[in-house]
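The structure presented is a predicted model; accordingly, all values stated were derived computationally and were not measured.
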Amino acid sequence: MKIKPLRVNACVDVVVSGVSLLQALGLKPQSGGDHVVLSSQEELAATFLHYMQRGAAAERFYSDAESFQHISRTAAQNPGAKHFVGGNAALMAQRLASHPDIQVLLCGPVGPKLHELLDDRILVPPASLQEQDEYHLILEYKAGEQWGSGHAPAASRFIFSHDLSNGAMTSLEVLLSSLEDFQPQLLVLSGLHMMEGLSQEKRASRLNEAAVALSDVPTDILIHLELASMTDGDLMRGIIYQVFPLISSLGLNEQELLFLTQSANGPHSSLSAWSGVPDVGIVSDILFWILQGTGSEGSRLTRVHFHTLAYHIIATIDGFWGNQVAAVAAGARVAGAQACASPTIDPSRVMLKSPLEFSTSQMETSSTARITAKEPVAVWSKGGVTFHFTPVLVCKDPTRTVGLGDAISAEGLLFSESKAQ
């Protein structure tokens, strides 16, 4: 299989302890809450604490270039700092390239450090190479970690950057020019959330250009979109109504799912935040609504892969996809193994957080689904949509949390069989 990720956010991740970095910057816990765009170190501290207290992943744009460079230098000097491949598309490319029968083309921006970190089997077109890398800072924290009065209920991370080339989607034209030569079966699109760093006018223009470009992709090429943390409702609505009808498959987590339905006044949009493990019935209602086209006629979207810490669901419109039991199980398996930095699941290092019995909807009369050791995947259908649910064996002491969603979605795609091709 030939797989080409459309790179709109390939970068180098600098992974560091969040609390350690903020302390090195001389910052103290701030109570200012969430900030849509970060313009100072104090806003960084407040937003980090906001999400750390919830154990939730988030990503923000840092608007002050000089301040960001200072933070980056401080992070690089941290004894525990590590450099990894970053960006949803690049991370998915890494996962896909680990399978010998897969050919992967990654469209830049790829600087010298990222090129060094990439798997040798990933092809990078010359037009994607650039002299400077884009760096994203990944502030990780462990379950139970404290900063001031803040306490993390689960391990996760907070991501921020001053990344202008990714936000401007500079690789879009490179992608289009290489489609004919590479002839992929699957195109992976990511990084649309990075456009939050653009002006409203520039953002609208680039999103429209992306939609036009996707509409020109041959219909026999599957398109998967991987979402990421967002805060701008206008941008999310633009993605829903301009991009969703043009894609085949969608990957997202619980924060992105809730913001999506809030932005478009979908099912359960009055819910302000999840309380603990997301309710399966609520998640299923929103997934069903997405696959009903979210009001868009002629939508090509037939598959959604939802992943949260405790469980995963793949929902598909009947007749378009096969092997989804294996696909959802593969995604859950890689989540536990990668979080523990182990090639296989070690039972002593994992635990279950998923409900083993649940209602399949909170909007209408529904059935009760159950999970057992003998039947670890629950399957149910309604209105021409089939749902596949499986719990995750959650790593008790995760080594690294960033990139899990990308690995989950990539693995799920590898095991999925498209009936449309």
Salt bridge present between [X] and [Y] (N-O < 4.0 angstrom):
X	Y	answer
Asp119	Arg95	no
Glu196	Arg203	no
Lys113	Glu116	yes

I'd like to know if the side chain of [X] pairs up with that of [Y] as donor and acceptor (distance under 3.5 Å, no hydrogens or angles considered).
X	Y	answer
Arg303	Ser416	yes
Glu254	Thr308	yes
His136	Glu134	no
Thr316	Thr386	no
Trp321	Thr302	yes

>> Taking the ring centre of each residue, are His312 and Phe389 less than 6.0 Å apart?
In response: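 No, the ring of His312 stays outside the 6.0 Å limit from the ring of Phe389, centre to centre.
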> So, does Arg349 use its side chain to make a donor-acceptor pair with the main chain of Cys340 at under 3.5 Å?
Replying inline: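 Between the backbone of Cys340 and the side chain of Arg349 there is a qualifying donor-acceptor contact (under 3.5 Å).
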> Can any side-chain N or O of Ser284 pair as donor or acceptor with the backbone N or O of Ser361 at less than 3.5 Å?
Replying inline: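 No; judged by distance alone, with no hydrogens or angles, the pair does not exist.
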>> Would Arg370 and Glu375 count as a salt bridge (Lys or Arg N to Asp or Glu O under 4.0 Å) here? Give the steps.
In response: CA-CA 9 Å; Arg370 296 176 179 82; Glu375 295 186 0; over 6 Å; no
>> To the closest 0.5 Å, what do you measure between CD1 (Ile223) and CG (Leu186)?
In response: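 Spacing of CD1 (Ile223) from CG (Leu186) equals 9.0 Å.
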Apply side-chain contact (heavy atoms from CB on, under 4.5 Å) to [X] and list each qualifying residue two or more places apart in sequence or on a separate chain.
X	value
Lys82	Phe84
Leu257	Leu252, Trp274, Val283, Ile286, Leu287, Ile290, Phe306
Ala58	Tyr51, Arg60, Phe158, Ser229

>> Let's go through Ser156 and Tyr141 carefully: what are the C-alpha distance in whole Å and the side-chain angles of both, what is the deciding distance for side chain to side chain contact (heavy atoms under 4.5 Å, CB included) to 0.1 Å, and is it a yes or a no?
In response: CA-CA 6 Å; Ser156 195; Tyr141 50 85; 3.3 Å; yes
